[in-house]
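Everything below concerns the one structure shown next.
When a ligand or atom number is given, it counts from 1 through the structure's own listing order. On a predicted model such as this, the values are computed, not experimentally measured, just so you know.
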Amino acid sequence: MNKTLEQILESSRTYTSEGRVADYIPELAKANREEIGIFVATAEGDYYAGDWDKPFTIQSIVKPIFLMLTAIDNGIDFVKAHVGVEATGKPFNAIDYAEPLLLKEHINPMVNIGAIAVCGLVKAASNEERFQRLLHFTKKITGNPQLEIDREVYESEKKTGNKNRALAYLLKNSGMIYGSVEELLDVYFAMCSVKVTCKDLANMGYLLANRGVDRSGERIIPREDTIFLNAVLTTSGMYDGSGEFATTVGIPAKSGVGGGIMADCPGRMGIGIYSPGLDKKGNSVAGVKMLERLSRELQLSIF
Ligand SMILES: NC(=O)CC[C@H](N)C(=O)O
């Protein structure tokens with residue numbers, strides 16, 4: 001299996017030069033687009049190749065974590081009463097929500113506006129507690145108690161994240177954020193800046209693949225929440241590239257503008273990917289290529 005991963009990685013390496021690193025968060029522009037890594041976590045063991053241990057910020061892959069903890073805290077019916085599950089077909093940071101569309105059923109939790117809303121539904125007495133709970137939960141589902149925030153990326157996004165600020169105020173105006181907007185954005189920016197590796201993402205994917213039970217046998221997420229989450233990831237985890245990704249790879253996955261992709265093949269494996277060169281939609285170019293090849297090689301598509 002390590003040999004297969006090595007081959008897939010090497011044959012996808014040329015695609016690293018096709019992508020562009022994200023620069024709308026200035027600190028992310030420092031990423032080296034030649035880096036490329038893959039990690040696969042299975043019940044039998046771990047397999048990896050390339051820069052699987054290079055840290056990068058989790059960015060949008062935190063969106064399923066918001067959704068997971070909110071679902072655990074409040075139940076799926078509560079979540080569905082606050083946000084929708086239909087793919088928007090729009091870029092992840094779209095702001096062109098006509099007023100009639102600013103209703104919960106049009107707010108998808110895998111794009112920025114919905115993720116900010118869902119972040120605010122995580123149970124906590126204060127936003128500081130909300131952040132601590134989310135970080136603790138992220139450590140648990142990645143199996144990595146050392147996770148920390150990349151302060152530079154956090155400050156960089158906090159300083160320049162005015163579009164997210166605008167989205168959050170739209171939510172506030174529509175009654176979808178309850179407390180302080182700025183404090184909630186702070187939680188959102190800080191959680192997008194958690195530093196992870198391919199291994200951390202693969203462990204998170206493994207948990208989803210294994211219906212919420214980790215490798216030590218401990219149940220971390222209720223089974224029905226993993227089914228809900230995998231369905232949402234399959235239909236909207238790759239932003240407005242989700243349909244194409246379903247046809248070429250065919251497994252639940254979530255990408256982030258840091259260059260990471262977390263994917264899982266239910267019943268089989270969790271996968272963590274890293275390569276920071278992105279396509280126009282914000283998905284890792286070489287990362288998607290590796291997943292296409294892995295899916296073909298191991299017949300991963302769930303369809
Ligand atoms: N697509 C992404 O990874 C977006 C996350 C990023 N922190 C943002 O809000 O813009």
Side-chain angles (χ1 to χ4, degrees), residues 19-31 33 55-67 83 87-97 107-120 131 134-135 138 147 149-171 177 181-198 200-201 204 232-233 236-242 245 253-263 272-285 287-288:
R20 288 197 50 194
V21 300
D23 56 7
Y24 75 99
I25 299 172
E27 197 62 25
L28 291 183
K30 295 181 181 166
R33 72 174 180 172
F56 53 92
T57 52
I58 193 167
Q59 299 300 338
S60 274
I61 307 166
V62 76
K63 290 174 170 128
I65 301 179
F66 294 152
L67 190 59
V83 285
T88 64
K90 293 183 192 182
F92 65 85
N93 56 358
I95 199 163
D96 55 333
Y97 286 84
I107 305 289
N108 181 291
M110 293 300 121
V111 295
N112 290 14
I113 191 168
I116 295 168
V118 167
C119 180
F131 168 69
L134 278 161
L135 186 60
T138 307
L147 290 186
I149 303 301
D150 183 322
R151 301 300 307 180
E152 280 77 33
V153 173
Y154 161 69
E155 296 291 350
S156 183
E157 186 169 13
K158 188 175 159 78
K159 200 147 68 183
T160 57
N162 288 321
K163 201 164 182 190
N164 284 327
R165 212 160 264 125
L167 289 169
Y169 277 100
L170 280 177
L171 288 169
I177 288 180
V181 173
E182 291 299 331
E183 274 183 32
L184 183 61
L185 280 165
D186 232 28
V187 179
Y188 175 83
F189 293 144
M191 286 306 299
C192 284
S193 306
V194 171
K195 267 187 291 189
V196 290
T197 64
C198 292
D200 299 324
L201 297 182
M204 176 176 162
V232 174
L233 290 175
S236 45
M238 302 295 282
Y239 319 120
D240 44 339
S242 301
F245 186 84
K254 183 77 203 83
S255 56
V257 292
I261 303 175
M262 183 278 304
I273 295 277
Y274 170 56
S275 185
L278 309 177
D279 63 19
K280 286 202 178 73
K281 295 181 173 177
N283 295 319
S284 167
V285 178
V288 169

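- The atoms of ligand 1 that sit less than 4.0 Å from any heavy atom of Gly256 are 3 (O).
- A distance-only check finds a donor-acceptor pair linking the side chain of Lys281 to the backbone of Asp240 [under 3.5 Å].
- For ligand 1, the atoms sitting less than 4.0 Å from at least one non-hydrogen atom of Cys192 are 7 (N), numbered in the order shown with element in parentheses.
- Atom 10 (O) of ligand 1 has its closest protein heavy atom at Tyr24 OH, 2.5 Å.
- Annotation: the span from Tyr274 atom OH to Leu201 atom CG amounts to 11.5 Å, rounded to 0.5 Å.
- In this structure, Ser193 OG and Phe56 CZ are separated by 13.5 Å, a value rounded to the nearest 0.5 Å.
- Rounding to the nearest 0.5 Å gives a distance of 8.5 Å between OG1 of Thr160 and OH of Tyr24.
- Ligand 1 has a nitrogen or oxygen under 3.5 angstrom from a nitrogen or oxygen of Tyr188.
- Close approach to Tyr239 involves these atoms of ligand 1, each under 4.0 Å from a residue heavy atom: 1 (N), 2 (C), 3 (O).
- Side-chain atoms of Asn108 and Ser236 include a donor-acceptor pair closer than 3.5 Å.
- Given atom 7 (N) of ligand 1, the protein heavy atom at minimum distance is Gln59 OE1, 2.6 Å.
- Taken from OH in Tyr188 to NZ in Lys158, the straight-line distance is 14.5 Å, to the nearest 0.5 Å.
- When non-hydrogen atoms are compared, ligand 1 lies under 4.0 Å from neither the backbone nor the side chain of Phe189.
- A donor-acceptor pair is defined here as one N or O able to donate and one able to accept, closer than 3.5 Å; no such pair exists between the side chain of Asp23 and the backbone of Pro26.
- When heavy-atom distances to ligand 1 are checked against a 4.0 Å cut-off, Asn112 comes that close only through its side chain, counted from C-beta outward.
- Protein heavy atom nearest atom 2 (C) of ligand 1, with residue, atom name and distance: Ser60 OG, 2.5 Å.
- Of all the atoms in ligand 1, the ones that sit under 4.0 Å from a non-hydrogen atom of Glu157 are 6 (C), 7 (N), 8 (C), 9 (O), 10 (O).
- Using a 4.0 Å cut-off between heavy atoms, Ile61 makes no contact with ligand 1 at all.
- For Asn164, the heavy-atom gap to ligand 1 drops under 4.0 angstrom.
- Note that CG of Asn164 and SG of Cys192 are 7.5 Å apart. Values are rounded to the nearest 0.5 Å.
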